[in-house]
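If you're wondering where the values come from, they're calculated on a predicted model, not measured in any experiment. All ligand and atom numbering here is 1-based and tracks the order in the structure.
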Amino acid sequence: MLKIIKNVEVYTPEYLGVKDVLVVDGKIGKINENIEITGVEVEVIDGKGKKLVPGFIDSHIHITGGGGEGGFSTRTPEITLSDIIQGGITTIVGTLGTDGITRSPENLYAKAKALEEEGISTYIYTGNYRIPPVTFTGSIMKDLILIDKVIGVGEIAISDHRSSQPTIEELKRIVADARVGGLLSGKTGVVNFHVGNGEDGIEPLFEIVQNTEIPINHLYPTHMNRNKALLEQGLEFAKLGGFVDFTTSSTTTDPDELKAYNALIRYYEAGLIDKVTFTSDGQGSLPIFDEKGNFVKLGIGKVTTLYHEVKHAVLKGLPLEGALKPVTVNPAKVLGLKNKGKIKECADADLVILDESLEIDTVISKGKILMRDKIIVTKGTFEN
Ligand code: ZN
C-alpha cells in the first residue's frame, strides 16, 4: 500500500522545507508539495508541526550480547527489536566483542537474520577483539566475498589491556584483507577498531596510513570520546580524511570521558562534522559506580542513547541538520550503504518522525510502520 506523510518538515538531513513524502513499495517515491493520489488506496500520515528525518544507523551493536568480563554471570543478553525501534534505529551493524569463544559469528549472523525478518536492515562485522580474528571461513576476504551480511571487520581491539597486543604488521594484514575483500565484493571493507585507554591511542592507525597505500577510509576507530587525548588524536585523523566514531552509551562517572554530544560540538567547531559518526555500543556491559567510585553492578549499554546524544547536541545549540549527520549520512558513507541515511527519491523508506519537542514519534523501516504515535506497532516475533 502507498503511504503519504503530509505537511512535514523534511530534513534529508539538510532542511528541505515543508513537503509531502510519498512511500511506494518500501522506497521513497516522491518528495513534493501537495502530492495527491487518486484511484488507489493511500495511507495518510499527518506530519503537521513535525519533522521527518532519515532512520538512524547504528554501526556498532552487540546484538547477541556482550560483556562477560566479570565472569559468566556478567554476560549481557541479546538485544530485542523493541529497544532498537524505540531508538529510531532502522539499520544496524552487529558485532562481537571481547568474547570470541562463547559467542560466535554464526550466532551473530542468525541474530542479524532474525532482526532483518522482523523489519529492520542488518549487517555484521566478521572478527572480534583479537588477532587472529574469529571468522566464518577462516579468512576475512572469504567472509566479505561470500557472506552477504558481512560488510567489514571488527571490533579489533588496539591500545587496550583486553586486546591481543597486535603488532603493526598484523593490523596491516587485516586492513589489507578487508580492502581487497571489499573491492572484490563491492563493499567498503571497513575495519572497526575498538580503541582502549592505552597511551598509544590510534598511533597504530596513523602508522598504517603513512606506511601503506591503503586509503584511510578503511580504518574506522570507535570509542574516540573515551578521553581527551583520543579526542585530539581523532581530530588529526579526521583532518587526514578518516571517520571517527563516538560511543553514546558511556558511563558519566569517568571525569576524563566526554559525552558524545560534547565531542560532536568540538568537531563541528573544527569544521569536521562530516567525519563523525555515533554508535551506541548497545547491549555491551557498562560498569556502574556509586558517587565514591565504588563498583556497584554491571549495566547494559542502551541503543536509545544514540538519538539522546543527537537531541542533546541540538539542545546545546547545534542545528538539527548537523546533529543528525553522525547517525544518518555519515555512517552510510563509512559503510557504503547507498540507499540509507538520506531522504531522497529512490532511497529506502527508512524514516523517523519527530514531534514538536524532538521526541521520536513514528518509525518506518523499508516502508513499514514499526512505531506510530510513540506506540510500538510490531514487537517482532516475540512479545518483550
Ligand atoms: Zn569496544
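- Closest to the Zn ion (ligand 1) among the N, O or S atoms of His194 is ND1.
- With respect to the Zn ion (ligand 1), Glu155 has OE1 as its nearest N, O or S atom.
- His223 lies close to the Zn ion (ligand 1), since one of its N, O or S atoms is found at a distance under 2.8 Å.
- Between Lys366 and Glu116 there is a salt bridge, with a side-chain nitrogen of the basic residue lying less than 4.0 Å from a carboxylate oxygen of the acidic one.
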* Test salt bridge (Lys or Arg N to Asp or Glu O under 4.0 Å) on Glu236 and Lys239 and set out the steps. => CA-CA 5 Å; Glu236 292 312 308; Lys239 280 179 198 158; 3.4 Å; yes

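- Remark: Lys374 engages Asp355 in a salt bridge, criterion side-chain N to carboxylate O under 4.0 Å.
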* To do: Would you please test Glu33 and Lys19 for salt bridge (Lys or Arg N to Asp or Glu O under 4.0 Å) and show each step?
  => CA-CA 5 Å; Glu33 278 96 33; Lys19 305 278 180 190; 2.6 Å; yes

